[in-house]
Amino acid sequence: MVTIIDYNAGNLASVYNALQFIGCDCRISNNPDDIIASDAVILPGVGAYAHAVDSIDRLGLRKPVLDFINSGKPFLGICLGLQLLFEGSFESPGAKGLGIFNGTIKKIPKLSDFKVPHMGWNSLSFNKDCYLFDNINNNPYVYFVHSFYLDSPDKSIVSSQSDYSVTIDASVYKDNICATQFHPEKSGDLGIQMLKNFSIYITKG
């Protein structure tokens, strides 16, 4: 069973529907017991960093999420769900992220040829092997919606990058944790393949 964590931060239905489409057994929940008992967890998210942090803490989800990650079972963060894995964000000074990885999320600079938010399709370059990209050629186009981005101080965890006025660390992968700044569930057939790869990874675990 895959639990999609509901912390009032968006895009639950699109993730749920994509998983249902590939035949993955899943549910939407913010029950700590459901999270801990899951075979895998997805932390999605759109919107403001501070609101997400406040919702996680108000719902008592910080410890269950950290306990699940520490259990070694598969974990996938999507968009804001990637950013929350880090210590904080320039969007919301003082808002404390989950702190799984070091680093602070930065603002995409506003340059004349680049609109912010970064919204639409952009290509990825793969930095290291990651099961999420199995059976996918390098430089695939995926869908982004964000105004803040990861520039990880630890490049060893970065599994792909994209360019949009700056180099964006578009995904990370370490141990049981995989996370993407882009939205696999909105990235057409390639995104569906990534979610299939996640489902296969779960069964192998």
Side-chain angles (χ1 to χ4, degrees), residues 5 7 9 40-50 52-53 56-57 61-109 116-118 122-134 136 138-140 142-184 187 191 194-195 197-198 201-202 204-205:
I5 299 178
Y7 62 106
V41 156
I42 295 177
L43 183 69
V46 294
Y49 196 93
V53 168
I56 286 172
D57 288 337
L61 296 178
R62 183 178 291 265
K63 186 176 186 301
V65 171
L66 292 174
D67 286 347
F68 181 88
I69 291 173
N70 290 332
S71 75
K73 292 187 286 186
F75 177 94
L76 175 63
I78 296 175
C79 195
L80 187 56
L82 172 145
Q83 296 182 6
L84 290 168
L85 293 173
F86 290 80
E87 295 168 297
S89 172
F90 283 105
E91 179 183 16
S92 307
K96 184 181 178 183
L98 296 173
I100 295 295
F101 300 124
N102 295 330
T104 302
I105 304 301
K106 299 179 178 179
K107 173 76 172 178
I108 297 175
V116 179
H118 172 206
N122 212 345
S123 64
L124 298 177
S125 59
F126 298 152
N127 290 45
K128 71 178 203 177
D129 289 339
C130 174
Y131 71 84
L132 207 66
F133 304 139
D134 287 350
I136 295 175
N138 198 12
N139 302 122
V142 293
Y143 191 79
F144 289 85
V145 182
H146 64 126
S147 299
F148 293 80
Y149 76 103
L150 172 64
D151 178 12
S152 176
D154 179 5
K155 296 304 180 189
S156 72
I157 67 172
V158 176
S159 52
S160 72
Q161 293 180 313
S162 189
D163 289 315
Y164 188 81
S165 81
V166 292
T167 298
I168 294 166
D169 292 337
S171 62
V172 297
Y173 175 43
K174 183 177 181 181
D175 301 328
N176 59 312
I177 302 170
C178 193
T180 66
Q181 180 62 68
F182 58 89
H183 289 267
S187 296
M194 292 179 192
L195 293 176
N197 292 340
F198 181 62
Y201 180 75
I202 295 167
K204 289 180 178 179

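When a residue number appears, it is its place in the shown sequence, counting from 1.
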CG (N138) with more than 12 external heavy atoms under 6.0 Å | yes

Taking all atoms of both residues into account, what is the closest heavy-atom pair of I202 and A40, and its distance?
-> CD1-CB, 3.4 Å

In sequence, state the C-alpha distance, the side-chain angles, and the governing distance for D169 and K155, and then conclude on side-chain contact (heavy atoms from CB on, under 4.5 Å).
-> CA-CA 9 Å; D169 292 337; K155 296 304 180 189; 2.6 Å; yes

Are the side chain of Y7 and the backbone N or O of D57 linked by a donor-acceptor pair below 3.5 Å?
-> no

Determine whether more than 12 heavy atoms belonging to other residues, nucleotides or ligands lie under 6.0 Å from atom NZ of K96.
-> no

Euclidean distance, S125 OG relative to Q161 CD, rounded to 0.5 Å | 5.5 Å

Just one of Y143, Y149, F144 clears the ring pair (Phe, Tyr, Trp, His ring centres under 6.0 Å) bar with H118, so which one?
-> F144

Start with the C-alpha distance between V166 and K106, add both sets of side-chain angles, then the distance that settles side-chain contact (heavy atoms from CB on, under 4.5 Å), and finish with yes or no.
-> CA-CA 11 Å; V166 292; K106 299 179 178 179; over 6 Å; no

Flag for S152-D154: side-chain donor and acceptor within less than 3.5 Å = no

Is any side-chain heavy atom of P140 closer than 4.5 Å to a side-chain heavy atom of F126?
-> yes

Yes or no on side-chain contact (heavy atoms from CB on, under 4.5 Å) for I100 and L66, after CA distance, side-chain angles and deciding distance?
-> CA-CA 8 Å; I100 295 295; L66 292 174; 3.5 Å; yes

Give a yes or no on whether K107 atom NZ has more than 12 heavy-atom contacts from other residues, nucleotides or ligands under 6.0 Å away.
-> yes

How many angstroms lie between atom CG of L82 and atom CG of L76, to the nearest 0.5 angstrom?
-> 9.5 Å

Evaluate the side-chain proximity of L98 to L43: yes if any heavy-atom separation is below 4.5 Å, no if none is.
-> yes

Could you tell me whether a side-chain N or O of N176 sits under 3.5 Å from a main-chain N or O of F75, the two making a donor and an acceptor?
-> no

Do S162 side-chain atoms and A170 backbone N/O form a donor-acceptor pair below 3.5 Å?
-> no

Roughly how far, to the nearest 0.5 Å, is the CD atom of Q181 from the OH atom of Y164?
-> 13.0 Å

CD1 on I69 to CG on D175, rounded to 0.5 Å = 11.5 Å

Side chains of I177 and L85: does their closest heavy-atom pair fall under 4.5 Å?
-> yes

Hey, what do you get for CD1 (I42) to CG (L195), rounding to the nearest 0.5 Å?
-> 6.5 Å

Which heavy atom in F198 sits nearest to a heavy atom in L132, and how many Å separate them?
-> CB-CD1, 4.1 Å

Does K128 reach the main-chain N or O of Y173 with its side chain, forming a donor-acceptor pair under 3.5 Å?
-> yes

Taking the six-membered ring for Trp, are F101 and F86 ring centroids under 6.0 Å apart?
-> yes

Test item: I105 and E91 side chains (from C-beta on) under 4.5 Å apart, heavy atoms = no

How long is the gap from CZ on F90 to OG1 on T104, to the nearest 0.5 Å?
-> 5.5 Å

Indicate the atoms forming the closest heavy-atom contact of C130 with C178, along with that distance.
-> SG-SG, 3.7 Å

Do any N or O atoms from the side chain of S159 and from the backbone of N127 form a donor-acceptor pair under 3.5 angstrom?
-> no

Is Q83 reaching over with its side chain to a backbone N or O of Y49, donor-acceptor style, under 3.5 angstrom?
-> no

Looking only at heavy atoms, what is the nearest atom pair of L80 and A52, with distance?
-> CD2-CB, 3.6 Å

Could you walk me through whether Y201 and D134 pass the side-chain contact (heavy atoms from CB on, under 4.5 Å) test, one step at a time?
-> CA-CA 10 Å; Y201 180 75; D134 287 350; over 6 Å; no

Within a reach of under 6.0 Å around NZ of K174, are more than 12 heavy atoms found that belong to other residues, nucleotides or ligands?
-> no

